[in-house]
Amino acid sequence: MSALYALVGAKPLFLWTDLLIWLLVAVILFGVSYTRKRPHLLAPWHRVARSRLAMGSLVVLLVYVVIGLLDSIHYRPALEQSEPGDEIHYAVEARTVLDWLVGDLREASEKSYSAPMATHLYSRENVEGEQGVTQRDYPRLKYGGNHLQDPQQRSGDITQSLLLGSVQGLLLWSLIVLMLVLWLRYRKGGSPLQRIVTLLRGHADVSEKQPLPWPTILWVTALVSVLLMMAIQLGVKYHILGTDKVGQDVFYQAVKSIRTGLVIGTLTTLIMLPFAVMLGIMAGYFRGWIDDLIQYTYTTLNSIPGVLLIAAAILMIQVYIDNNALLFETTEERSDLRLLFLCIILGVTSWTGLCRLLRGETLKLREMDYITASHAFGVSHLRIITRHILPNVMHVVLISVVLDFSGLVLAEAVLSYVGVGVDPTMHSWGNMINGARLEMAREPVVWWTLLASFLFMFVLVLAANLFSDVVREAFDPRVQSRGERF
Amino acid sequence: MQGGATSQSGATNLTQSPLLRIENLQVWLSSRQQTVRAVDGISLQIERGETFALLGESGCGKSMTALSIMQLLPEVALKRASGEILLEGESLLDLSERQMRNVRGGRIAMIFQEPMTSLNPVMTIGEQVGEVLRHHQKLRAKAEQQQAIQLLEDVGLPNPQQRIHDYPHQLSGGMKQRVMIAIALAGEPDLLIADEPTTALDVTIQAQILDLLRQLQLQRGMAILLITHDLGVVAEMADHVGVMYAGQLIESATREQLFTCPAHPYTRRLFDALPDRSKRDQPLTVLHGVVPALTTAFKGCRFESRCDQGWGLCQQIESEWYRASSGQQVRCHQLNPEIKQPIPDQIPAETVSVLSEVAAGGEELLTIEKLKVHFPIHKGFFHRTVGQVKAVDGVDLTIARGKTVALVGESGCGKTTVGKTILRLQESTAGSIRFSGEELTALQGKALHKVRSHLQMIFQDPYSSMNPRMMVGDIIGEGMDALGEITPVNKRSNKSLERSSVEPRQQRIESLLEQVGLSPDMVNRYPHEFSGGQRQRIAIARALAVNPQLIICDEPTSALDVSVQAQILNLLRKLQQQQNLSYLFITHNLSVVSWFAQEVAVMYLGKIVEYGTVEEVMAAPKHPYTQALLSAVPTVDPESQRAVIRLEGDQGSAIDPPSGCPFHPRCPQAASQCGQKVPEQRWVSETHHLSCLLVE
């Protein structure tokens, strides 16, 4: 094994959250293949797929998810051996596949603040002139725009990069379209031209009853790929969104924060789901003292101020981490454990809402005739719950999971701002905002950190909200029955 | 055409033109990229003061016609609304929404099927009536209240002075429907549209409401457009009848013409499909299939696919209107004088085979004695028991093998609770239930599990009785799996080989589907792909899967259309003969009882008031309640001059039942002793007993 690590020059690092995230991916993939075979489960997803809004936001969400997943494969690069034959040591600081992809961006640290796309620092410093005269001026950046001989050429260079980026973006997009056309031709046949027309004009051919909103998907993809290529073109030469107090690239920080946001938004739900589903269904199905017990539990839990509970739990885990520093080989493992516990404690405090919903839904279902029929057959309680009740409340679970996602992403930002969120060394939008708090009071104002975190969070939450809205509507039984009446 | 019509109405006296005329009305809606031709070319006219009944099965476009008269069609889905709707010569389709608002409530009013949801639960009924008065009659507060009281008195609400401060939840279903009618009358409309006004009500209450509508019509000279699926209601109420089928009118006749000599094959089949005593010894004539989906683009006659008298022409050309010999207008090629086509036999051969009566005799299968089911009422912080709902209060019942006992009564009398208690889905408070000599109420655990396969149930609502997320095969197989009736092939043990049914699960499910008249390849389909009647067949197959001896049928046909009801009833009877099944048939539909059952138990407020064979109870009822119940059922024979016994008020409360005979507050024959003494069971013949002090 270690020979293999030596060959690659890296040792994989399995973080808890990474494992859970990939587990979630596996569960989702299994869910997709399970749903595909069942027309009644597939029907609402067809409705989602036909919505332009949902598909547009899905493309944006997918970009976030891909970035988050790339950032969830950690490894420790090998350190340079002082002498050949020595034991190979691996870095204390782990990296991810995303770090490897963005390359220099991670190391490209300036001395301090610099504005977006700047070539000079944001504040004056003593600079030694050509004749050895010290004068106060804005020094040139080490990385940002250092390829330019003359900073005056900057605007021309930026325009050129943007043009190049958009051309590359369109090429990338054409590649995607080409692959799509080939795939559709493989799936459905027809001439390539016919396929392209179908894609661009959204025309369904006769065989296709429910067309996907291809034009919307393609336009959003075009926008995303152009933006991506522009960011790549500019990112290698400039700090697109400036640098922070210690000179780190803000754009890099914002991108790295995506993983934190996604982890909080998804894992928290994953942790709370078993509680909420099991207890909610039990309360509604068995009634009596079980119902009373579960109700009292969540009513009590709900009356404890959530932030207080979270703060206490996070402080406890922090003390544990500090006292057992030897358990953690890398800094990532330390901050990862704290992130995991944040997810757990958020999950523990947020299951009550879904639990209450499920209790109500189960109360309604248990009176249905098919449950009575099962009782008449002597079917066991466990079997009734798993075969009859659980499948019929899944839409409630799905809707609430999707709706909760954006709320949790925002909750992370608030908690980190208060100081009980993720580890301060971890990249997260909340930490960025926390840092930006003081910068806003500075003169001249450093506005880009706040703007960057705001933009990234806003796009993610907006896309998630739009998507969840469509999902909610598609799974709402009232909407369904309205459509099926005729 | 239009110009001619208006000039004509201008020239002649206005009162001679019909109140409402609909010309070639078409209402198309779009749903899921499909066009639903809900109403497809309807023409009719309603005169002042007459009752026009629109008759048809569900999904025929009756309600859509009513909604388009009111201009209340769903805007979003509306694809096309063409034709003409003329109210006293004024085209309603051309009116603006603002003008239309004065027509609604003011000149045309509407009452709906469900009185529970038609009233606003947070407003007193006085306010709700007053709201309409304010809008249409511009009355001031004082006058408004007086007028509201007057209206509520007109519709027969007792104590209107106090009742106007009541909220809807304080009223019973029948009272709510009366309030709905009062609201409809508040604008003094010329036309009242009643959309299934009594479908959700019990027969005795239905009789009250129909009576009221007739009275009001006489007093006010208002026209009524009555929408219903019930031939009996039509026979009692209508002057003129339009039969609707798949978005079209197919027969238009006066009541006398329709009931003496129905002309369209569909109408004739509807009459044939009605169960009643005279057809007891034969199967009900079945209209196979269901009403075609309104998304189809029809070419020929819409009824052709279900018609047993059609020929080639029916598939190609839609029929014109022809006049039948008895005078009504009919849309059927059979009546075209220019076409000479031999009409095939009236009833196709397959349905003629006479079902002989179920074998008489047989030992007692189920015996219920003094069964009581009381539900405690908890109140307050410590859940103290403050009272009992006496849902079932001393019921005796015997069901013999291979027989059908009908349990009849109004809603809330405890009939469903009896059924559920037999199945041990509900614990009994006292009394005994013996099944083949075995006491059921004491059974626990394994012993109870064993008995479960002998007793099964079929439910009323075919939509909620099946898990929508399970396939038909799994639904039917569930009971077999749970009760180990048939072990799956891979797990089959010696023990199961000894049993009578050793065929593998899949094969058994398929044969069950065939038995109930469905195709075996439906095992992998989901319930939502089936119609109500088909679902009820699946429910029957599910119950049969465990080889039961007694099936409790809880209103199995009340959610179905007449033609589908006949199919299900025939099926149940066929199965009874084949497998010597016993049924406890819980229903409120008395005509089904007289066709289907051998014995009848009439229930009132948790007690059985009369019990006997069908001949005894249905032909010569002794108990005043049974007499009233039977007389309240509208009959399709308009000639029969029966004396209708009207019951006032509602069934009492099961929490605090009236002292003495529970029926005495409503009983037309009640004497002073009825309120004091609880009547004992009296036997009038060997098989017939009742609980009434007045009958010797």
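Just so it is clear, the structure is predicted and the values come from calculations on it, not from any experiment. Every chain is numbered from 1, with letters handed out A, B, ... down the list of sequences.
Contacts of A:Arg383 with chain B are made by side-chain atoms alone, with heavy-atom separations under 4.5 Å and no backbone atom involved. With a threshold of 4.5 angstrom between heavy atoms, B:Met457 does not approach chain A through any atom at all. For a residue to count as touching a neighbouring chain, one of its non-hydrogen atoms must lie under 4.5 Å from one of that chain's; by this rule B:Leu294 does not touch chain A. B:Arg424 does not touch chain A: none of its heavy atoms, backbone or side chain, sits under 4.5 Å away.
Closest of all the heavy-atom pairs between A:Ala376 and B:Leu425 is N-CD2, 3.7 Å. What you find for B:Arg452 and A:Gly378 is that their closest heavy atoms are CD-N, 3.3 Å.
In terms of heavy-atom pairs under 4.5 angstrom with chain A, the leader among B:His449, B:Met471, B:Glu478 is B:Glu478.
Contact of the B:Met466 side chain with the A:Asp369 side chain is not registered, since no non-hydrogen atoms from C-beta on lie closer than 4.5 Å.
Residue-environment remark: CZ (A:Phe275) stays at or below the threshold of 12 foreign heavy atoms within 6.0 Å. By the 6.0 Å contact criterion, CZ on B:Arg525 is enclosed, its count of non-hydrogen atoms from other residues, nucleotides or ligands being greater than 12.
Sorted by first and then second residue, the salt bridge (Lys or Arg N to Asp or Glu O under 4.0 Å) pairs involving residues 269-290 of chain A (not counting sequence neighbours) are A:Arg287-A:Asp291. Residue pairs meeting the ring pair (Phe, Tyr, Trp, His ring centres under 6.0 Å) criterion with at least one partner in residues 354-380 of chain A, sequence neighbours excluded, are A:Tyr370-A:His388.
Note: A:Arg387 CZ to B:Ile475 CD1 = 9.5 Å, rounded to the nearest 0.5 Å. Atom OG of B:Ser464 and atom CG of A:Leu365 lie 10.5 Å apart (nearest 0.5 Å).
Residues of residues 463-471 of chain A never come closer than 4.5 Å to chain B when only heavy atoms are counted.
Looking at residues two or more places apart in sequence or on another chain, you find a side-chain contact (heavy atoms from CB on, under 4.5 Å) between B:Asp195 and B:Ser63, B:Met110, B:Ile227.
For the residue pair A:Asn392 / B:Arg469, a side-chain donor-acceptor distance below 3.5 Å is found, with atom types taken as modelled.
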Working for side chain to side chain contact (heavy atoms under 4.5 Å, CB included), residues B:Asn467 and A:Met368: CA-CA 9 Å; B:Asn467 186 344; A:Met368 297 294 271; over 6 Å; no

